[in-house]
Each structure stands twice: as structure tokens, then as C-alpha cells.
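Every number for a ligand or one of its atoms is a count from 1 in the order of the listing.
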Amino acid sequence: MPELPEVEVLARHLRPALRGKTIRALNVRRAKVLRPTSLRQFQKVLTGAKFTGLSRRGKYLLFALRSKTSGEPVMLLGHLGMTGKMFLARKDEPLPKHAAVIFDLGRENFIYEDTRYFGRMTLDLSAAEKLGPEPLGQDFLPEMFAPSLKRSRQAIKVKLLDQTLVAGVGNIYASEALFRARISPELAANKLTFAQIKKLWRAIREVLAEAIAGGSTVPLNFAGGKSDGLFYFGRAAETPDYYEERLRVYDRAGKPCLTCKGEIRRMIQAARSTFYCPNCQKVC
Ligand SMILES: [Zn+2]
């Protein structure tokens, strides 16, 4: 499942590839992913619009465009959900079976593919507007993070997944950051000392920054296996050793802790897996 670093790496690759391209036509095969935007509205606003920029907010992509009819700026929100991929492909390549939205850019198609259709490609920006601060941004500070934690009795691992607390921390990096900060995932958020909060704040930033740096050094796979500059996101992420070796606890249950050689454990918190080292991350 794509998390903030994967979305950031994708945004960096798509940004120059899309800039200046005009949407000549739209082919929506799964109107579900546009919700709550109607197919009619989507077509009306985006047909003829030109891509002017791309940014990331949490795990969302924000595509900036300029409308053909009004000349006004338009924002389009993309989310990969569980299984989404967004990539450019040459016109003569067959469309993938689960292509949900196809943007005809002339020589290429920009494709949003999703086998489970849990992602989004919509004009409704409300999901991104509710997000907390960017974890790598300058406005995410321990002094701001602390009061939000002090108000919560939820286990810290569960609280970290609250996107209004901090945007884009998902299940993988929540476990990784807590391990790095040596904090038990079961500790109630309001029981963390300020020293622990500072350690956790730093750990969140480190695990995400390292994952982005690692992701951007992965050899890219190109559509059709040809080096035509069309980034095909998703295949790299499915290749073993893509990021697994960077993860110290996530999906390592039963394996030795890289710090103490004890056994990494898995438990379920709020219906999601948590991975941790009971020796390095004591509740105290
Ligand atoms: Zn350990």
C-alpha cells in the first residue's frame, strides 16, 4: 500500500512529465473513483485543461490545471488507495485491464489504474483540506505535536494514523518511527513525556525522509521496458528489496531485532498490524 514516501516519489516523477500537457479527451471506465464529482462535471471541467503543476499533501496528489474555457485554475485530487498506479504510457500500448481513468494527452495517455478501485481521481478536495501538518514541513514542530497527543488516551500507534494529527503517516512508518524512538506502540498518547515526543517527532521525519531518498534511487521501470522516459510506477515497488531492507520492524515478525537480537512481534491494534520489539520498546 502506497504511503507518503511512495506518493512523493511518484509526484516527483510525474511533475515534469505532465507539465504543459493538455487533456484532449477523457475516458472514465470507473465513475466510482470520481466520487463525489459526477462524470458530467469531471468531463466538463477537465476536457481541454492543461497541467500546470503537481504537489503532494499527505498521501494525496494535487494536480494543478488551467481550464480551457474559463482560463481559471482547477485542482484535481488523486489518491492511490490500496492498489492504485498512475503513469504515462504511449498511445499505441494496450490499456491495462483495470484502467479507471485515461487522460488523452496526445502522444501519450496518463493512466490511473486500480485493481480494487479504492483510490480517487476527483475534483472534491475536502479530504486534503482536513489534513494535519505535513510531517516534513516547517510547521510540524514538537511544540504543536505535544498538545494534540496530550488530549488523547488512544495508543500512540493508533493515534499516529490520525491524519488530522499529522498528514501521511501510515501503518508502515508508524511502526518504524515508534521503533526508532524506542516507544511502545501500546503507550497511551497522553502518557508520552516531552522528551519522548521530541524523539518521536524526529523519528517520523527521519523514516519518511530516508524512504523518499531510497525510493528515488530505485532504478525505474519504464512502460513496455523501453527507456522512453515514461515512468511506470508500481512495478519498482513490487520488486523485492525495494524498501523491505530499509524497514527495521515492519513485516519482520519472528525475525531478530536489528538492535538487540530479540524477536520482533506482531500485534493487532485498531484492526491493523503493528510490528515492534518488546525489548527495545518497553511501556514505562
Ligand atoms: Zn530490540
Side-chain angles (χ1 to χ4, degrees), residues 1-9 58-59 82 132 134-136 140-143 145-146 148-150 152-163 165-218 236-284:
M1 185 166 170
E3 291 204 20
L4 184 152
E6 291 76 35
V7 179
E8 177 63 29
V9 171
K59 291 180 246 179
M82 307 269 287
E134 277 297 314
L136 297 170
F140 179 54
L141 296 167
E143 292 73 18
F145 189 37
S148 317
L149 295 180
K150 287 289 170 204
S152 173
R153 277 186 277 182
Q154 275 186 311
I156 185 62
K157 158 65 182 2
V158 178
K159 187 64 190 165
L160 281 179
L161 302 181
D162 173 355
Q163 301 295 297
L165 173 75
V166 53
V169 177
N171 207 38
I172 296 174
Y173 297 103
S175 282
E176 290 297 314
L178 286 165
F179 173 75
R180 193 171 296 212
R182 300 178 73 92
I183 295 167
S184 164
E186 292 181 286
L187 186 62
N190 63 0
K191 292 284 194 293
L192 269 74
T193 64
F194 191 64
Q196 285 177 312
I197 290 168
K198 274 203 285 191
K199 269 192 201 167
L200 181 57
W201 168 81
R202 191 180 309 278
I204 290 168
R205 292 166 68 98
E206 283 174 1
V207 295
L208 294 174
E210 284 173 22
I212 292 169
S216 61
T217 60
V218 165
E238 287 155 14
T239 308
D241 308 328
Y242 168 61
Y243 57 45
E244 281 78 1
E245 64 189 25
R246 284 208 308 271
L247 302 177
R248 299 184 192 172
V249 286
Y250 189 81
D251 210 18
R252 294 194 66 243
K255 293 187 177 146
C257 169
L258 301 173
T259 304
C260 74
K261 311 283 180 233
E263 193 179 299
I264 301 296
R265 304 260 178 87
R266 173 180 177 266
M267 68 173 158
I268 302 295
Q269 290 182 289
R272 310 287 302 275
S273 292
T274 299
F275 296 89
Y276 67 108
C277 172
N279 189 31
C280 293
Q281 296 168 264
K282 290 198 167 78
V283 185
C284 57

Would a distance-only check, ignoring hydrogens and angles, find a side-chain to backbone donor-acceptor pair under 3.5 Å from Lys191 to Ala155? no
Sorted by chain and number, protein N/O/S atoms nearer to the Zn ion (ligand 1) than 2.8 Å are Cys257 SG, Cys260 SG, Cys277 SG, Cys280 SG
Residues in side chain to side chain contact (heavy atoms under 4.5 Å, CB included) contact with Pro142, at least two apart in sequence or another chain: Phe194, Lys198, Trp201
Backbone N/O of Phe140 and side chain of Glu134: donor-acceptor pair under 3.5 Å: no
With a 4.5 Å limit on heavy-atom distance, are the side chains of Ile268 and Ser273 in contact? yes
Could you check whether atom CZ of Arg265 has more than 12 heavy atoms from other residues, nucleotides or ligands sitting under 6.0 Å from it? no
Sidechain-backbone polar pair: Arg266 side chain, Asp251 backbone, donor-acceptor under 3.5 Å: no
